[in-house]
Amino acid sequence: MDEDLYFVVKNNEEQYSVWMQGRSLSAGWVIVGEPASKQQCLERVERLWAGMAPRSARECLTPQAANEDDYAVR
């Protein structure tokens, strides 16, 4: 059983990842929330990351395209 603790991290493009506690965080990433098990962090990412498109791509969409696009945040 994995007893290590992890963090959910997010970059400026609003993309998420899971990062092991105690490891240096890569530039451009910030911690989101408290440490938890890897599985709990993966579940948190699933809840938080509504759309896979980076923020910059979503911002380029017109309102009409955002409604029709599979990558639009709903």
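Quantities reported herein were computed from a predicted structural model and do not represent experimental measurements.
When the side chain to side chain contact (heavy atoms under 4.5 Å, CB included) test is applied to Leu25, the partners found at least two apart in sequence or on another chain are Val9, Trp19, Trp29, Ile31. Considering only residues two or more places apart in sequence or on other chains, Glu34 meets the side chain to side chain contact (heavy atoms under 4.5 Å, CB included) condition with none of them. Listed by chain and number, the residues in a side-chain hydrogen bond (donor to acceptor under 3.5 Å, both in side chains) with Gln21 amount to none (sequence neighbours excluded).
Of all the heavy atoms in Ser37 and Leu5, the pair that sits closest is N-CD2, 4.2 Å. Between Ala36 and Arg44, the shortest heavy-atom distance links the atoms CB-NH2, 3.9 Å.
Distance check, rounded to the nearest 0.5 Å: CZ of Arg47 to OH of Tyr16 gives 11.0 Å.
Cluster membership check: Val30 does not share its hydrophobic cluster with Val45, using side-chain heavy-atom separations under 4.5 Å among Ile, Leu, Val, Met, Phe, Trp and Tyr. By the rule that hydrophobic residues join a cluster once side-chain heavy atoms approach within less than 4.5 Å of another member, Trp49 and Val32 end up as members of one cluster.
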